[in-house]
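Data block below; observations after.
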Amino acid sequence: MKVYQIHKNSLLMTEQEVPECGSNQILVKMKALALNHRDHLVVNGITRWKLKEDGRVPVADGAGEVVAIGKDVTELAVGDRVSSLIVPNWQDGEMTPAKLQGSPGGPGADGVAAEYVRFNETAVIKIPDYLSYQEAATLPCAALTAWNGVVEKSDLKPGNTVLILGTGGVSLFAMQFALMMGSEVIVTSSNDRKLMEVKRLGAHHTVNYAANPDWVDQVLQITNGLGVDHIAEVVGGSHLNTSLQCIRPGGTIAQIGAIQGVCDGNVDTAEIMYNAVNIKGVEVGSKAMHARMLRAMEVRQTKPVIDKVFEFSDLAEAIEYQGSGNHFGKIAVNL
Ligand SMILES: NC(=O)c1ccc[n+]([C@@H]2O[C@H](COP(=O)([O-])OP(=O)(O)OC[C@H]3O[C@@H](n4cnc5c(N)ncnc54)[C@H](OP(=O)(O)O)[C@@H]3O)[C@@H](O)[C@H]2O)c1
């Protein structure tokens, strides 16, 4: 079978034996992968995603069909459609450092960029019939994180205002979940074409943050000078200061991402204090949260937004495209 490995910040296609299942394991014939910002960081060895050794199999998220099961597997059968989990050891309950270990496609464990992948039975989740393999592959990291940041870790009530930053994978899921919660949604982007698309998807207000340096004023105007109730903060670094200008007193900033970097510049802690802002760090989510998200998506028949689908042989090109920021929503890979 064909398996990608990372060697010196490049992808190498290798030929390997199809793995055998242990007693509690399943073998999945992968049908689709989906990319995240972190896959670009892992392959290119950026920040904490830098790998210590060559040979890591890249890509965190994928979906496929179960083609073999070990003798002690009870919950899954051959023919089941499943997706990977972003933190397979966090099944339920509170997050702990131990539960976060072993996330696929990063420094801790091999990913899913292979024709066949062997998983522990608990390390996958069944996917609803209404989603294609490509659509289901987009969910483990980006959708779950957005769900955690907008639904599980929020006090949102119908009619509240939510600010979505940019139109990448996490952000468009955050927009969809905020709309599902009955929120009034403002989306920012550097691109007017993308803003037209988010309007079509249901966003109430759009703001071009690149063309308008005073875009925060637009957000304040939309909210009658008050600021928004909730922000899905994916930009990170000193951008938190900008988000603090957009949040209402007592509002919540779900700190999700670090597109701009992890700790550049200073953060205005007085602003956090005087306005009693809740800042909630969000780190992906558990399998139980993933199941609740799938249930809500199925009820609403929510479909992920997929910008472009690449072939498996073009994975390097797909990862480069992810890093470009030119995409709208998710990038999938067909196997
Ligand atoms: N905490 C967690 O568990 C977790 C999980 C998943 C992802 N993340 C992090 O969340 C972030 C987003 O991940 P992703 O996979 O969704 O990334 P992505 O798809 O690559 O997002 C790229 C988009 O970010 C937007 N962007 C860039 N700079 C911006 C700025 N200054 N203001 C507003 N938007 C800006 C751009 O949107 P426009 O083109 O529309 O301008 C760009 O297209 C990353 O930092 C990732 O590492 C964290």
Side-chain angles (χ1 to χ4, degrees), residues 34-42 44 46-49 59-61 85-87 90 95 99-100 103 105-106 138-150 152-153 163-176 186-199 201 203 206-213 215-216 219 231-243 246 253-265 279-286 289-290 304-308 318-332:
L35 302 184
N36 294 286
H37 185 70
R38 75 178 224 161
D39 297 314
H40 154 73
L41 301 180
V42 171
N44 290 291
I46 297 170
T47 62
R48 72 184 178 106
W49 298 103
V59 184
D61 293 348
L85 295 175
I86 188 66
V87 277
W90 187 7
M95 185 184 99
K99 289 179 184 178
L100 290 180
S103 181
T138 67
L139 305 179
C141 181
L144 179 60
T145 302
W147 173 264
N148 193 0
V150 170
E152 304 263 347
K153 277 200 176 176
L163 178 62
I164 304 292
L165 302 173
T167 60
V170 173
S171 296
L172 288 196
F173 280 120
M175 178 192 76
Q176 289 175 304
I186 305 166
V187 181
T188 73
S189 175
S190 56
N191 183 310
D192 285 334
R193 181 184 52 79
K194 294 180 179 183
L195 288 175
M196 275 168 59
E197 274 300 300
V198 294
K199 272 263 173 162
L201 292 167
T206 58
V207 172
N208 188 320
Y209 67 83
N212 178 6
W215 65 269
V216 169
V219 172
I231 302 178
E233 171 47 90
V234 296
V235 182
S238 57
H239 195 271
L240 182 57
N241 289 322
T242 311
S243 286
C246 297
I253 298 177
Q255 187 61 54
I256 291 173
I259 296 173
Q260 192 168 285
V262 266
C263 52
D264 61 323
I279 298 186
K280 297 188 179 180
V282 175
E283 182 63 5
V284 286
S286 67
M289 289 180 199
H290 195 136
V305 178
I306 297 180
D307 173 290
K308 202 167 170 180
I319 287 176
E320 200 178 319
Y321 185 53
Q322 175 77 42
S324 75
N326 291 331
H327 56 284
F328 179 74
K330 296 297 295 181
I331 298 161

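Any value given below was found using the heavy atoms of this structure, including those in side chains, with hydrogens, waters and symmetry copies removed. Just so you know, ligand 1 is whichever comes first in the structure, and atom 1 is the first atom listed for that ligand. Only a predicted model underlies this, so the values are computations on that prediction, with no experimental measurement involved.
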Fill in: CA sep, side-chain torsions, deciding dist, call: L139, F173, side-chain contact (heavy atoms from CB on, under 4.5 Å)
CA-CA 9 Å; L139 305 179; F173 280 120; 3.7 Å; yes

Worksheet item: Do side-chain atoms of E320 reach the backbone of G323 as a donor and acceptor pair under 3.5 angstrom?
Response: no

Worksheet item: Counting distance only, does the side-chain N/O of Q255 pair as donor-acceptor with the main-chain N or O of G257 below 3.5 Å?
Response: yes

Worksheet item: Can you check whether K194 has an N/O within less than 3.5 Å of an N/O in ligand 1?
Response: yes

Worksheet item: Relative to the heavy atoms of C141, which atoms of ligand 1 are at a distance of less than 4.0 Å?
Response: 5 (C), 6 (C)

Worksheet item: Can you list the ligand 1 atoms lying under 4.0 Å from a non-hydrogen atom of S189?
Response: 38 (P), 40 (O), 41 (O)

Worksheet item: Atom CH2 of W90 and atom CE of M289: how far apart are they, to the nearest 0.5 Å?
Response: 4.0 Å

Practice prompt. Could you check if a side-chain atom of L85 sits within less than 4.5 angstrom of a side-chain atom of P140, using non-hydrogen atoms only?
Written response: no

Discussion item. Looking only at distances, can you tell me whether any N or O atom of G329, backbone or side chain, sits closer than 3.5 Å to an N or O atom of ligand 1?
Written reply: no

Worksheet, complete the sentence: Among non-hydrogen protein atoms, atom 18 (P) of ligand 1 lies closest to H327 NE2, 3.4 Å

Item to complete: Answer yes or no: is there a side-chain heavy-atom contact under 4.5 Å between I46 and H40?
Response: yes

Item to complete: Using a strict cut-off of 4.0 Å, indicate which atoms of ligand 1 neighbour a heavy atom of G257.
Response: 9 (C), 10 (O), 11 (C), 45 (O)

Worksheet item: Heavy atom of H40 under 4.0 Å from ligand 1?
Response: no

Practice prompt. Could you list the atoms of ligand 1 found under 4.0 angstrom from a heavy atom of S190?
Written response: 38 (P), 39 (O), 40 (O), 41 (O)

Worksheet item: Does G325, backbone or side chain, put an N or O under 3.5 Å from an N or O of ligand 1?
Response: yes

Discussion item. To check your reading of the model: name the closest protein heavy atom to atom 8 (N) of ligand 1, its residue, and the distance in Å.
Written reply: I256 O, 3.9 Å

Fill in: Nearest non-hydrogen protein atom, atom 15 (O) of ligand 1
H37 N, 3.0 Å

Discussion item. Could you tell me, atom by atom, which parts of ligand 1 come under 4.0 Å of a heavy atom of T167?
Written reply: 37 (O), 38 (P), 39 (O), 40 (O)

Practice prompt. For residues K308 and H327, determine if any side-chain heavy atom of one lies less than 4.5 Å from a side-chain heavy atom of the other.
Written response: no

Practice prompt. Please write down residue, atom name and distance for the protein heavy atom closest to atom 45 (O) of ligand 1.
Written response: A258 N, 2.8 Å

Item to complete: Report the C-alpha separation of I86 and D61 in whole Å, then their side-chain angles, then the decisive distance to 0.1 Å, and conclude whether the side-chain contact (heavy atoms from CB on, under 4.5 Å) test is met.
Response: CA-CA 7 Å; I86 188 66; D61 293 348; 3.9 Å; yes

Worksheet item: Between V282 and E152, is any pair of side-chain heavy atoms under 4.5 Å apart?
Response: no

Worksheet, complete the sentence: Value for NZ (K194) from CG (N208), rounded to nearest 0.5 Å, stands at 11.0 Å

Worksheet entry | Residue and atom name of the nearest protein heavy atom (relative to atom 31 (N) of ligand 1), distance in Å to one decimal | V235 CG1, 3.7 Å

Worksheet item: Can you find an N/O atom of Q322 closer than 3.5 Å to an N/O atom of ligand 1?
Response: yes

Fill in: Atoms in ligand 1 flagged as close to V234, the criterion being non-hydrogen separation under 4.0 Å
11 (C), 45 (O)

Fill in: Pick from T145, L165, V282: the one approaching atom 4 (C) of ligand 1 most closely through a non-hydrogen atom
T145

Worksheet, complete the sentence: Correct closest heavy-atom pair for S243 and E233 would be OG-OE1, 2.5 Å

Item to complete: Please write down residue, atom name and distance for the protein heavy atom closest to atom 36 (C) of ligand 1.
Response: Y209 OH, 4.0 Å

Fill in: Inter-residue atom distance L165.CG - I259.CD1, 0.5 Å rounding
8.5 Å

Response to the item:
Of all protein heavy atoms, the one nearest atom 3 (O) of ligand 1 is V284 N, 2.6 Å

Discussion item. Looking at ligand 1, would R38 count as a contact under a 4.0 Å heavy-atom criterion?
Written reply: no

Worksheet item: For atom 24 (O) of ligand 1, what is the nearest protein heavy atom, given as residue, atom name and distance?
Response: I259 CD1, 3.1 Å

Response to the item:
Separation between CG (D307) and CG (L35), nearest 0.5 Å, reads 11.0 Å

